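Both counts, for ligands and for their atoms, begin at 1 and track the order of listing. In this chain, residues are counted from 1 in sequence order. Quick caveat, the model's predicted, so the values are computed rather than measured.
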Amino acid sequence: MTQVAFIGGGNMAASIIGGLVQQGEYSAQQIHVSDPNDSQRQQLSEQFGVHTYADNQQAIEQADVVMLAVKPQVMQQVLAPLFATLSERQPLIISIAAGIDMPSLAQWTGCKAIVRCMPNTPSLVNYGSSGLFASDDTNMHQRNLADSLMRAVGITVWVQQEQEIDTVIAVSGSGPAYYFLMMEAMIETATKMGMSLETATQLTLQTAAGAAEMAKRSDVDPAELRRRVTSPGGTTQQAIATFESAHLRDIVAAAMQAAQQRAAEMSLELGAQSEQ
Ligand SMILES: NC(=O)C1=CN([C@@H]2O[C@H](COP(=O)(O)OP(=O)(O)OC[C@H]3O[C@@H](n4cnc5c(N)ncnc54)[C@H](OP(=O)(O)O)[C@@H]3O)[C@@H](O)[C@H]2O)C=CC1
Ligand SMILES: O=C(O)[C@@H]1CCC=N1
């Protein structure tokens, strides 16, 4: 049975672990999580029944797959004491960190089979979207393993160029936050219009979920679905005109470009190249 270790049990790891355990393809017994934070470990073990460790070394001892889920800024220092074990055991490494490139991961782990994965937090409810990119030395079995792990919590797409991971970050990695911001704004406005917070929240969330589900099932694109909501001379037309005159599309483009650029900058700031 494949043993999966998570180094770092924070927001994103908990989303993937929660999805994996709830989905049932991996049992809690196969999942080992290390995190320095006592309360985080306690919550993971109580909520999902997974093995938890304060010591990263213990978590990776039997692992076939090591999922790196710490902040990019601490990745190098986290991997340094694990190098000997990782390079000797050669588990499949899956890094979910934004902005830590493949050459850095290869250098810091000493491993050959490495997959860079960009998931997102809706993995917790099996609505995850993950972009994946594999090193040349990752064989088909290992690619399938990475794919099946992430498919247990949502959809997967493979990219052919490492750079494309930065675009995945801008679209789906950071994407949930864009929609949450829209929800926040709609709820806030509805309450200012006099609606109760509970009703505003209920209507906003159901509308977001309904629009996404409709767009997924539809045989026409979102632009056509939008047109179908927009009666000539009606209310939606006024709302959409307000968005367009405030250049919403340009704002979205600028935001996504900023996310993509930041990912590329992080690779330069935090990667092994920055030490040379
Ligand atoms: N959040 C998201 O939506 C997404 C995040 N990612 C990537 O996932 C990674 C984790 O992000 P996120 O989950 O948001 O961050 P979190 O801060 O929530 O999680 C990181 C966890 O790692 C722990 N940690 C810190 N130092 C160590 C250590 N030495 N050994 C083991 N664990 C350690 C932290 O503990 P403590 O809090 O005590 O420091 C924390 O619990 C990042 O690299 C990010 O780029 C990718 C896609 C989406
Ligand atoms: O904000 C971040 O850097 C991480 C990566 C994608 C989502 N959260």
Side-chain angles (χ1 to χ4, degrees), residues 5-19 32-45 47-48 50-61 63 66-83 85-86 93-102 104-105 108-109 114-125 127-133 146 149-150 153-157 159 164-181 255-267 269-271:
F6 286 78
I7 307 298
N11 288 315
M12 195 56 243
S15 294
I16 299 173
I17 293 163
H32 307 260
V33 192
S34 58
D35 195 288
N37 190 317
D38 291 350
S39 64
Q40 190 68 17
R41 288 200 308 279
Q42 195 178 347
Q43 198 180 336
L44 286 165
S45 96
Q47 205 173 350
F48 305 122
V50 295
H51 302 280
T52 60
Y53 310 84
D55 178 11
N56 294 334
Q57 184 71 37
Q58 273 186 312
I60 64 168
E61 254 152 30
V66 174
M67 179 102 56
L68 304 175
V70 293
K71 291 276 187 218
Q73 289 79 1
V74 299
M75 185 67 82
Q76 184 177 14
Q77 78 193 54
V78 167
L79 289 173
L82 307 180
F83 181 88
T85 307
L86 291 175
I93 300 289
I94 303 178
S95 166
I96 65 164
I100 300 292
D101 60 21
M102 194 62 94
S104 306
L105 292 165
W108 298 341
T109 60
I114 304 176
V115 171
R116 275 194 70 187
C117 168
M118 186 44 52
N120 64 8
T121 53
S123 301
L124 179 64
V125 289
Y127 268 87
S129 304
S130 299
L132 300 150
F133 173 77
L149 264 170
M150 300 316 296
V153 295
I155 63 161
T156 56
V157 294
V159 299
E164 287 178 65
I165 286 288
D166 294 352
T167 312
V168 174
I169 295 177
V171 180
S172 51
S174 298
Y178 314 159
Y179 290 102
F180 294 138
L181 179 64
M256 289 175 66
Q257 278 154 12
Q260 186 191 41
Q261 266 166 28
R262 180 63 194 138
E265 265 169 33
M266 283 163 68
S267 298
E269 278 170 25
L270 304 170

Checklist entry - Does the side chain of Q58 pick up a donor-acceptor pair with the side chain of S34 at under 3.5 Å? => result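 Absent: no donor and acceptor within the cut-off.
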
When you compare ligand 1 with [X], is there at least one nitrogen or oxygen pair between them that comes in under 3.5 angstrom?
X    : value
M12  : yes
N11  : yes
V78  : no
N120 : no
A98  : yes

Specify the protein heavy atom at minimum distance from [atom]: its residue, its atom name, and the distance to 0.1 Å.
atom                    : answer
atom 7 (C) of ligand 1  : I96 O, 3.2 Å
atom 33 (C) of ligand 1 : P36 CD, 3.2 Å
atom 43 (O) of ligand 1 : V70 O, 2.7 Å
atom 34 (C) of ligand 1 : D35 OD2, 3.8 Å
atom 17 (O) of ligand 1 : K71 CE, 3.3 Å
atom 19 (O) of ligand 1 : G10 CA, 3.2 Å
atom 10 (C) of ligand 1 : A69 O, 3.3 Å
atom 1 (O) of ligand 2  : S174 OG, 4.6 Å

Checklist entry - Counting heavy atoms not belonging to F83, are there more than 12 under 6.0 Å from its CZ? => result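 Check passes, neighbour count above 12.
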
Checklist entry - Is atom OH of Y178 surrounded by more than 12 heavy atoms (other residues, nucleotides or ligands) closer than 6.0 Å? => result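 Yes, the 6.0 Å shell around OH holds more than 12 heavy atoms from other groups.
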
Please report the interatomic distance [atom1]([X]) to [atom2]([Y]), rounded to the nearest 0.5 Å.
X    : Y    : atom1 : atom2 : result
N56  : I7   : CG    : CD1   : 4.5 Å
M118 : S130 : CE    : OG    : 9.0 Å
D101 : L270 : CG    : CG    : 10.0 Å
H51  : F6   : NE2   : CZ    : 13.0 Å
I16  : S123 : CD1   : OG    : 5.5 Å
I17  : L124 : CD1   : CG    : 10.5 Å

In terms of atom number and element, which parts of ligand 1 are under 4.0 angstrom from non-hydrogen atoms of [X]?
X    : answer
P119 : 46 (C), 47 (C), 48 (C)
G8   : 22 (O), 31 (C), 32 (N)
A97  : 43 (O), 45 (O)
N37  : 38 (O)
P72  : 42 (C), 43 (O), 45 (O)
T121 : 2 (C), 3 (O)

Next on the checklist: Heavy-atom pairs closer than 4.0 Å: do any link ligand 1 to the side chain of N56, the backbone, both, or neither?
Outcome noted: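 Within the 4.0 Å criterion, N56 contacts ligand 1 through side-chain atoms alone.
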
If you take all heavy atoms of [X] and [Y], which pair is closest and at what distance?
X    : Y   : value
R116 : A98 : NH2-C, 4.4 Å
A97  : V70 : CB-O, 4.2 Å
G8   : A69 : O-CB, 3.7 Å

Next on the checklist: Checking contacts now, so for atom 39 (O) of ligand 1, which I'm interested in, is there any protein heavy atom under 4.0 Å?
Outcome noted: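 Within 4.0 Å of atom 39 (O) of ligand 1, no protein heavy atoms are found.
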
Checklist entry - Considering all protein heavy atoms, does one lie under 4.0 Å from atom 4 (C) of ligand 2? => result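 No; the ligand atom in question lacks any protein heavy-atom contact below 4.0 Å.
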
Next on the checklist: Give the atom numbers and elements of ligand 2 that come within less than 4.0 Å of a heavy atom of G173.
Outcome noted: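 Answer, ordered by atom number: 6 (C), 7 (C).
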
Item to check | Any side-chain heavy-atom pair of I60 and L86 under 4.5 Å | outcome: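 They are in contact (side-chain heavy atoms under 4.5 Å apart), so the answer is yes.
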
Next on the checklist: Any salt bridge linking E269 with R262? Criterion: basic side-chain nitrogen under 4.0 Å from a carboxylate oxygen.
Outcome noted: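 Between R262 and E269 there is a salt bridge, with a charged N closer than 4.0 Å to a carboxylate O.
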
